[in-house]
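Have a look at the structure below, then the notes.
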There are 2 protein chains.
Amino acid sequence: MSHRHIDVTAQVTDACLVAAVLDRVAGKWSIGILIAAGQGPVRFTELERSMTGISRRMLTLNLRRLERDGLLLRTVHPTVPPRVEYTLTDCGRELRESLLTLSGWAERHGATIAAAHEAYDREHADTTAE
Amino acid sequence: MSHRHIDVTAQVTDACLVAAVLDRVAGKWSIGILIAAGQGPVRFTELERSMTGISRRMLTLNLRRLERDGLLLRTVHPTVPPRVEYTLTDCGRELRESLLTLSGWAERHGATIAAAHEAYDREHADTTAE
DNA sequence: CAGAATCCGATGCGATACTG
DNA sequence: CAGTATCGCATCGGATTCTG
């Protein structure tokens, strides 16, 4: 009764879809930005500070991509000095919810994964010197 | 992506947690692999074929990382020819569920995003020639 | 069958300097 | 304040070849 041979083709579609999604989010910062932008309109500099470590260049590039994907809305106030605010679209807000689900998973399994790393590295530390 | 070492102990924000999660999954193929591996034990070659387009090298690298993260279990049957099967761990299975949530989001908003792309590109095609 | 090893181009990302 | 432009390294990822 072992169903060893499984038709995976049905899953390929899902896989590609998810890959397409996460490709927009795969960078080092996109997710953080999406989550940080969830608190309402956020200014460029606010993001820059809350994303500790990001370069200005990368922040800009990621914001542009998220905007192009229709996940983020960019509003320029024609004042001096300039004031630009970023807001999640409905679409982006939904994505953010899903990402927060992943966040929950991370909280539950963070320690487990760290332990798995150690175990793996210890086991695969086969040096010729040993 | 393996260069993104995130210090989970120091960072407590949701953004970093999710980033930590998706860093393990951020590659071009990891997600597809996790989803494809959901149907039970899958052999190396099965994955290779179902992941149309992946190179052998990348499949191996991704499998190794997922295994190291404790998401995937690698079982080697000492036969000739060799037979290696990959199975999701409980941890990985949970992650897969969350990824399927993202898949749902992708299905709902795929067209919207494509439209956003067109709109953005059209609007930002400001050439000096126009 | 299931990799490992090597080469190489494409891309990600940071650092720095300049601007309206 | 909110970017843009340029440089340069590190890593990603594909193609190919070799192996137990």
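We name chains A, B, ... by the order of the sequence lines, and we start the count at 1 in each one.
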Under 3.5 Å, is there a donor-acceptor pair between the side chain of [X] and the main chain of [Y]?
X	Y	result
A:T89	A:L71	yes
B:R96	B:I35	yes
B:W105	A:C91	yes

[atom1] of [X] versus [atom2] of [N]: gap in Å, rounded?
X	N	atom1	atom2	answer
B:W29	D:dT11	CH2	C1'	18 Å
A:L61	D:dG3	CG	C1'	11 Å
B:L59	C:dA4	CG	P	11 Å
A:I31	C:dG12	CD1	P	14 Å
B:R56	D:dT16	CZ	P	13 Å
A:I54	C:dC13	CD1	C1'	10 Å
B:E48	C:dA2	CD	C1'	9 Å
A:N62	D:dG3	CG	C1'	15 Å

With a 4.5 Å limit on heavy-atom distance, are the side chains of [X] and [Y] in contact?
X	Y	result
B:I33	B:L63	yes
B:E85	B:R74	no
A:L95	B:H109	no

If the cut-off is 4.0 Å, is [X] near the phosphate of [N], judged by side-chain N/O to OP1 or OP2?
X	N	result
A:K28	D:dT11	no
A:T45	D:dA2	yes
B:R43	C:dA2	yes

Out of [options], which nucleotide sits closest to the side chain of [X]?
X	options	result
B:M58	D:dG14, D:dA2, C:dG3	D:dG14
A:R74	C:dC1, D:dC1, D:dG3	D:dG3
A:T60	D:dT4, D:dG14, C:dG3	D:dT4

Note down the inter-axis angle between the two ends of the helix from C:dC1-D:dG20 to C:dG20-D:dC1, five pairs each, to the nearest 10°.
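What I find for the helix from C:dC1-D:dG20 to C:dG20-D:dC1 is an axis angle of 50°.
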
What is the minimum heavy-atom distance between [X] and [Y], and which atoms define it?
X	Y	answer
B:S98	A:T101	OG-CG2, 3.6 Å
B:L66	B:S30	CD1-O, 4.2 Å
B:R43	B:P82	NH2-O, 3.7 Å

Can you tell me how the ring of B:H124 sits relative to the ring of B:Y120, calling it parallel under 30°, perpendicular over 60° and tilted otherwise?
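The arrangement is parallel - the two ring planes meet at less than 30°.
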
Contact nearer the 5' end of DNA chain C, comparing B:R64 with B:R57:
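The residue closer to the strand's 5' end, by nearest nucleotide, is B:R64.
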
Using a heavy-atom distance cut-off of less than 4.0 Å, which residues of residues 81-88 of chain A contact DNA chain D?
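Only A:P81, A:P82, A:R83, A:V84, A:Y86 qualify.
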
